[in-house]
Amino acid sequence: MFNAELIEGLCNLKTPFYYYDTNLLHQTLVSIKKAADLYNYHTHYAIKANANEKILRIISSYGIGADCVSGHEIKRAVNCGFKKSQIVYAGVGKTDDEIIYALSQNIFCINCESLQEMEIVNNLAFKVGKKQRVALRINPNIEANTHVNISTGTKSTKFGLSSNELDFIISNKDNFSSLLIEGIHFHIGSQITELTVFAHLCAKVNLINTRILESGFKIKHINFGGGLGINYEIPEYQIPDFRKYFAIFNKNFVQRTTQSVHFEPGRSITGQCGMLLTRVLFVKTNENTKTVILDAGLTELLRPALYQANHKIVNLTSKGINELYDIAGPICETTDYFGRSIKLPETQRGDLIAIFSTGAYGEVMASSYNLRSLAEKYFSDEILTKVHTLI
Ligand SMILES: *Cc1c(COP(=O)(O)O)cnc(C)c1O
């Protein structure tokens, strides 16, 4: 991924910054598109994973739809070329303004996450004289076997309609006369690496689908959400196995001929195409531990502090003998570490460090905590010209 010329170019840029390999993004998109087309599956990229406008324009150019979780994400998606007819809008706490905006945009559907939300969307749709397509986001109470902080499909989480709420909706269809209840939606978590979890999800969805169809709802689309994990340990396995992933659904989900199947991948599309480049500010020794202090911290990449996530860390400029280091950021927080006991070649002030797999939930979660400036971003297809103008 890094050749000498690129490393030299990167060394001239002010750190920290995000670096995006647009070539890899294109390859990933070709791969998911091909795999989804095998079964006529629809994909809606989850904007929240990476909302960078250039990244979004590349993704929308493949005819993929968008999954949004705020009014601003809908606006951004439309501005970046996603078709309104392919935009879904989820989220557990939509404000009235956001709902009214979504109603005005004629998007594919609003995914409702609670009974109260259904009532509010119904009332607001009635007020503007509209029948709004919605999907019921159902909490299937399934264990995703991922980090508890990114698990969304068990009944202890705030997400989705509970089975009691679903019972109520089924017996009170007429309460929602301004809604067209056409879909059911599930999203049970993120960074799911055990594919059997998706087979369990299908089994649960088959039961729910049958039950809702039998209750007289004309469910036209089933949305399985996102969640496919990526390989953080070996980011060189760059493109997730989308064929294997979709094959699980093809095998386990009983699709009716009148129904379309949808997915909302986020991380699996953009995760591996991004990385965070940062310089070593200091190397200090506490007790027997050598700690590398970087100029990037949880303000540029929150995942390690938030989810105990591990990202591969490489020293791009040292050829020394390997040693063990704790890798920390500059932020005044004890959780501001990217790793402990990480093997790196002898590391010194000024070395350029790459932190891999930051294309999803990296730049989007950046903050200016400690009043830091937001990091720059560079793209592989622009970098050489940029490097020239900077020198
Ligand atoms: C976050 C989210 C996704 C994307 O999840 P990934 O694990 O990044 O694929 C999809 N759908 C919904 C509703 C989400 O909240």
Side-chain angles (χ1 to χ4, degrees), residues 25 28-29 32 35-36 41-52 55-56 59 64-70 73-74 77 82 86-94 98 102 107-114 117 134-140 142 144-154 157-161 183-195 197-198 201 205 221-232 239-242 245-246 249 261-274 302-303 306-307 309 357-365:
L25 178 59
T28 307
L29 288 161
I32 191 170
Y41 287 166
H42 301 261
T43 48
H44 306 262
Y45 166 67
I47 304 280
K48 79 169 193 278
N50 187 319
N52 181 295
I55 300 273
L56 293 185
I59 296 172
I64 284 171
D67 162 38
C68 301
V69 291
S70 75
E73 282 194 0
I74 298 175
F82 290 93
Q86 292 182 308
I87 292 179
V88 300
Y89 176 29
V92 73
K94 305 173 181 81
E98 288 179 312
I107 59 175
F108 178 62
C109 91
I110 297 180
N111 297 344
C112 292
E113 304 222 10
S114 68
E117 180 189 338
V134 300
L136 307 175
R137 177 173 177 178
I138 298 166
N139 185 324
I142 287 206
N145 293 346
T146 182
H147 192 280
V148 60
N149 293 4
I150 46 175
S151 214
T152 58
T154 61
T157 70
K158 66 182 175 180
F159 299 100
L161 294 153
I184 48 177
H185 173 227
F186 305 84
H187 172 69
I188 58 169
S190 199
Q191 187 52 20
I192 296 169
T193 51
E194 289 173 31
L195 290 183
V197 164
F198 296 114
L201 174 62
V205 172
H221 71 267
I222 316 292
N223 183 340
F224 286 101
L228 178 61
I230 61 171
N231 194 329
Y232 284 96
I239 301 179
D241 196 340
F242 293 116
Y245 171 68
F246 289 129
F249 291 89
V261 175
H262 300 247
F263 295 88
E264 300 168 336
R267 187 191 309 268
S268 54
I269 291 183
T270 53
Q272 299 291 30
C273 77
L302 187 57
R303 299 190 65 256
L306 196 57
Y307 316 128
S357 318
T358 63
Y361 309 107
E363 190 190 330
V364 273
M365 286 187 173

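Ligands are counted one by one from 1 in listed order, and the atoms in each one are counted from 1 as well. Computed from a predicted structure; not experimentally measured.
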Enquirer: Would you name the heavy atoms of Ile230 and Pro240 that are closest together and state the gap between them?
Expert: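 Between these two residues, the closest heavy atoms are CG2-CG, 4.1 Å.
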Enquirer: Work out whether the distance between some heavy atom of Phe159 and some atom of ligand 1 is less than 4.0 Å.
Expert: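 In this structure, Phe159 fails to qualify as a contact of ligand 1 - no heavy atom is under 4.0 Å.
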Enquirer: Which residue and atom name correspond to the protein heavy atom nearest atom 5 (O) of ligand 1, and how close is it?
Expert: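 Result: His187 CE1, 3.3 Å.
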Enquirer: Shortest non-hydrogen contact from Tyr307 to Met365?
Expert: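 Closest approach of Tyr307 to Met365, heavy atoms only: OH-CE, 3.2 Å.
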Enquirer: Check the pair Gln191 / Thr146 against side-chain hydrogen bond (donor to acceptor under 3.5 Å, both in side chains), numbers first and verdict last.
Expert: CA-CA 6 Å; Gln191 187 52 20; Thr146 182; over 6 Å; no
Enquirer: Checking Glu117 now: which residues fulfil side-chain hydrogen bond (donor to acceptor under 3.5 Å, both in side chains) with it, not counting sequence neighbours?
Expert: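 In terms of side-chain hydrogen bond (donor to acceptor under 3.5 Å, both in side chains), with neighbours along the sequence ignored, Glu117 is linked to Lys94.
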Enquirer: Given His44, which of Glu264, His262, Gln86 fulfils the side-chain hydrogen bond (donor to acceptor under 3.5 Å, both in side chains) condition?
Expert: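 Result: among Glu264, His262, Gln86, His262 is the only option passing the side-chain hydrogen bond (donor to acceptor under 3.5 Å, both in side chains) with His44.
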Enquirer: Exactly one of Ile239, Thr270, Ile269, Thr43 should register a side chain to side chain contact (heavy atoms under 4.5 Å, CB included) with Leu29. Which one does?
Expert: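 For Leu29, the side chain to side chain contact (heavy atoms under 4.5 Å, CB included) check succeeds only for Ile269.
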Enquirer: Just distances here: any N/O of Asp67 and N/O of ligand 1 closer than 3.5 Å?
Expert: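 Yes, there is a polar N/O contact under 3.5 Å.
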Enquirer: Quick one: nearest non-hydrogen protein atom to atom 13 (C) of ligand 1, plus distance?
Expert: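 Result for atom 13 (C) of ligand 1: Glu264 OE1, 3.4 Å.
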Enquirer: Short list, please: which atoms of ligand 1 are under 4.0 Å from a heavy atom of Pro265?
Expert: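 Near Pro265, meaning under 4.0 Å from one of its heavy atoms, ligand 1 has 9 (O).
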Enquirer: Has ligand 1 got any nitrogen or oxygen that is less than 3.5 angstrom from a nitrogen or oxygen of Ala46?
Expert: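 No; every N/O pair is 3.5 Å or more apart.
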Enquirer: Let me know which of Val88, Ile87, Asp67 forms a side chain to side chain contact (heavy atoms under 4.5 Å, CB included) with Phe108.
Expert: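 For Phe108, the side chain to side chain contact (heavy atoms under 4.5 Å, CB included) test succeeds with only one of Val88, Ile87, Asp67, which is Val88.
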Enquirer: Applying a heavy-atom cut-off of 4.0 Å, say which part of Ser190 lies close to ligand 1: side chain, backbone, both or neither.
Expert: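 Both backbone and side chain of Ser190 come within 4.0 Å of ligand 1.
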Enquirer: Within the 4.0 Å heavy-atom shell around Arg267, which atoms of ligand 1 are there?
Expert: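 So the answer, numbered in order with elements, is 6 (P), 8 (O), 9 (O).
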Enquirer: Run the ring pair (Phe, Tyr, Trp, His ring centres under 6.0 Å) test against Phe246 and tell me which residues pass, sequence neighbours left out.
Expert: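 Here the qualifying residues are Tyr41, Phe263.
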Enquirer: Against ligand 1, does Ser268 come closer than 4.0 Å with any heavy atom?
Expert: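 Judged by the 4.0 Å heavy-atom criterion, Ser268 does not count as contacting ligand 1.
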Enquirer: Can you confirm, on distance only, whether ligand 1 has an N/O atom lying under 3.5 Å from any N/O atom belonging to Lys48?
Expert: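 The answer is yes, given that Lys48 and ligand 1 share an N or O pair closer than 3.5 Å.
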Enquirer: Just to confirm my output: which protein heavy-atom neighbour is closest to atom 8 (O) of ligand 1, and how far is it?
Expert: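 So the nearest neighbour among protein heavy atoms is Tyr361 OH, 2.6 Å.
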Enquirer: Looking only at distances, please establish whether an N/O atom of ligand 1 is found under 3.5 Å from an N/O atom of Gly227.
Expert: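 In this structure, Gly227 places an N or O atom under 3.5 Å from an N or O of ligand 1.
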